[in-house]
**Q** 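I have a structure here, written as structure tokens, and I will follow up with some questions on it.
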Number of protein chains: 2
Amino acid sequence: MATTRRQFDKDVALDAAMKVFWRKGYASASLADLTKTMGINKPSMYSAFGNKEALFIKATQLYIDTIIEPTGQLLSLKELPLKERLRNYMMRALELQCDPNNMKGCYLAFCRSEVSTGEIPAQAENMLKEFDVIPPPAYINLFKDDPESIELGLDKKAYENAMAIFTILKGTASMARSGVDKANLEFCIDSVIAGIGLK
Amino acid sequence: MATTRRQFDKDVALDAAMKVFWRKGYASASLADLTKTMGINKPSMYSAFGNKEALFIKATQLYIDTIIEPTGQLLSLKELPLKERLRNYMMRALELQCDPNNMKGCYLAFCRSEVSTGEIPAQAENMLKEFDVIPPPAYINLFKDDPESIELGLDKKAYENAMAIFTILKGTASMARSGVDKANLEFCIDSVIAGIGLK
DNA sequence: ACTTAGTTTTACTGAAAGGTATAATTCGGT
DNA sequence: ACCGAATTATACCTTTCAGTAAAACTAAGT
């Protein structure tokens, strides 16, 4: 038997699709938009990824693996003081939200807001909810388990502190999406860090 | 000449349309959605409001007049100390974002994010930008002009402080949209108020 | 009661949506 | 060089989109 190789790079095409979803969201990203940016035809997309929803799920996973996960690692660098570690993480997140060479804002935050419109199919919706837990357990544990946090008594409000961190980052994502650059948003992050009593 | 009165209340219909746009955004709100909720037929909508874009503009104005404006008044109650005044305002905004009897989140914040998708017609886009200036001048002036703010030296960072207030409210709007209730977000607001150094 | 302006209903338009059947093409195995 | 299987391109499907033409209806002025 003879097999013919695909003429396009599936990973490159998926990355292109991710950027379209990042810009347009799920509902407004048409197959014409997607396939044009991916550089392939509709039947090629369907044979390679299944359908629009499956493509979205793979694109979302790509965002999580390449953007969310690596940034989250910054919270685990135990050799740094808690405040510095948290600040590094948040500033990195802000940097990505404002990256002039990429789509602005946060893919997850943007598409998550589409859930409330009822325009996203069930499987895709579940994935968005699963990876956008409010507030993220990693944030809660940071305040609950860290010795410095416990010493400062911040563990007693671990949930609230986690919510504050998450909420301000949602805010900066929204601002970044509207074109505000990093320099104008750094102060917001430092305000929250100071506000929750981290020294 | 003889005239026939409209059989539906234009204000009621517009309020219904506003709620559809609030839930779906501009692009995903279909005329079928809109007219069904408004309780009228398509030709009635076109004769009463013009077209989808004109309807959206009138709905947006209604939101500004009934929600944004009255809440903004709370910032002008000069008899209260600055901190209390600001906190009252922010808590009222949060209350509206989390109102269980209404759509969650902020109509302006939600629809503003659609601007970056390129799916909104020019006139509607301009209106969203015009009424969602970053950060709002009222916030800047609050820190620039208020005697208390000047005494605390907050006027020197009026722009940054305004941005922090605006950003956290965008964050809570995003959270509220995802179903988080008021009680879980109040702490975020107090964190920012404390963080910018308001006493 | 009749005329008539204005409203509402019905039925439609062309375009674009997601998705697919079919035919043309490409390329590895022999 | 040619066979055969997988991929690609073309052209189409049904549904839904925003928007509208025309007919049916409603009610005010006479």
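Letters go in sequence order (proteins before strands), and every chain restarts at 1.
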**Q** Mind checking what makes ring-ring contact (aromatic ring centres under 6.0 Å, His included) contact with A:F143, not counting sequence neighbours?
**A**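 Not a single residue meets the ring-ring contact (aromatic ring centres under 6.0 Å, His included) criterion with A:F143.
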**Q** Return the value, rounded to whole Å, for the distance between atom CG of A:L55 and atom C1' of C:dG18.
**A**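 In whole Å, C:dG18 C1' and A:L55 CG are 13 Å from each other.
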**Q** Counting only non-hydrogen atoms, which of residues 6-22 of chain B are less than 4.0 Å from DNA chain D?
**A**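 Result for residues 6-22 of chain B: B:Q7, sorted by number.
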**Q** Would you be so kind as to tabulate the donor-acceptor pairs closer than 3.5 Å made by side chains of residues 67-78 of chain B, with sequence neighbours excluded?
**A**
unit_1 : atom_1 : unit_2 : atom_2 : d
B:T71  : OG1    : B:I67  : O      : 2.7

**Q** Per the atom types in the model, does the base of C:dG18 pair as donor or acceptor with the side chain of A:K52 at under 3.5 Å?
**A**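 A donor-acceptor contact between them is absent.
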**Q** Going by number, which of residues 30-40 of chain B have a non-hydrogen atom under 4.0 Å from DNA chain C?
**A** none
**Q** Using a 3.5 Å cut-off and no angle test, enumerate the donor-acceptor pairs between side-chain atoms of residues 157-164 of chain A and protein atoms at least two apart in sequence or in another chain.
**A**
unit_1 : atom_1 : unit_2 : atom_2 : d
A:N161 : ND2    : A:L154 : O      : 3.1
A:N161 : ND2    : A:K157 : O      : 3.0

**Q** Which residue pairs pass the ring-ring contact (aromatic ring centres under 6.0 Å, His included) test when at least one of the two sits in residues 65-104 of chain B, sequence neighbours left out?
**A** B:Y89-B:Y139
**Q** Residues two or more places apart in sequence or in another chain: which of them pass side-chain contact (heavy atoms from CB on, under 4.5 Å) with A:E148?
**A**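 Testing A:E148 for side-chain contact (heavy atoms from CB on, under 4.5 Å), a comparison that skips the adjacent residues, returns A:P81, A:L82, A:D146.
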**Q** Charged N to carboxylate O below 4.0 Å: is that the case for B:E84 and B:R87?
**A** no
**Q** How do A:A29 and A:P43 order along DNA chain C: which one's closest nucleotide is nearer the 5' end?
**A** A:A29
**Q** B:E53 has an atom CD; how far is it from atom C1' of D:dG19, in whole Å?
**A**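 Interatomic distance, CD of B:E53 to C1' of D:dG19: 14 Å.
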**Q** When you get a sec, tell me which of D:dG19, D:dT8, C:dT8 is the closest nucleotide to the side chain of B:S44?
**A**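 Looking only at heavy atoms from C-beta outward on B:S44, the closest nucleotide is C:dT8.
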**Q** Whole-Å distance between C:dG18 P and A:M45 CE?
**A** 9 Å
**Q** List in chain and number order the residues that pass side-chain contact (heavy atoms from CB on, under 4.5 Å) with B:K58, two or more places apart in sequence or in another chain; answer none if no residue qualifies.
**A**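 Only B:L14, B:F49, B:A54 meet the side-chain contact (heavy atoms from CB on, under 4.5 Å) criterion with B:K58.
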**Q** Counting only pairs under 3.5 Å, give me each side-chain donor-acceptor contact of residues 103-110 of chain B, with atom names and distances, residues two or more places apart or in other chains.
**A**
unit_1 : atom_1 : unit_2 : atom_2 : d
B:Y107 : OH     : B:T60  : N      : 3.4
B:Y107 : OH     : B:T60  : OG1    : 2.8

**Q** May I have the distance from A:Y46 (atom OH) to D:dC13 (atom P), rounded to whole angstrom?
**A** 17 Å
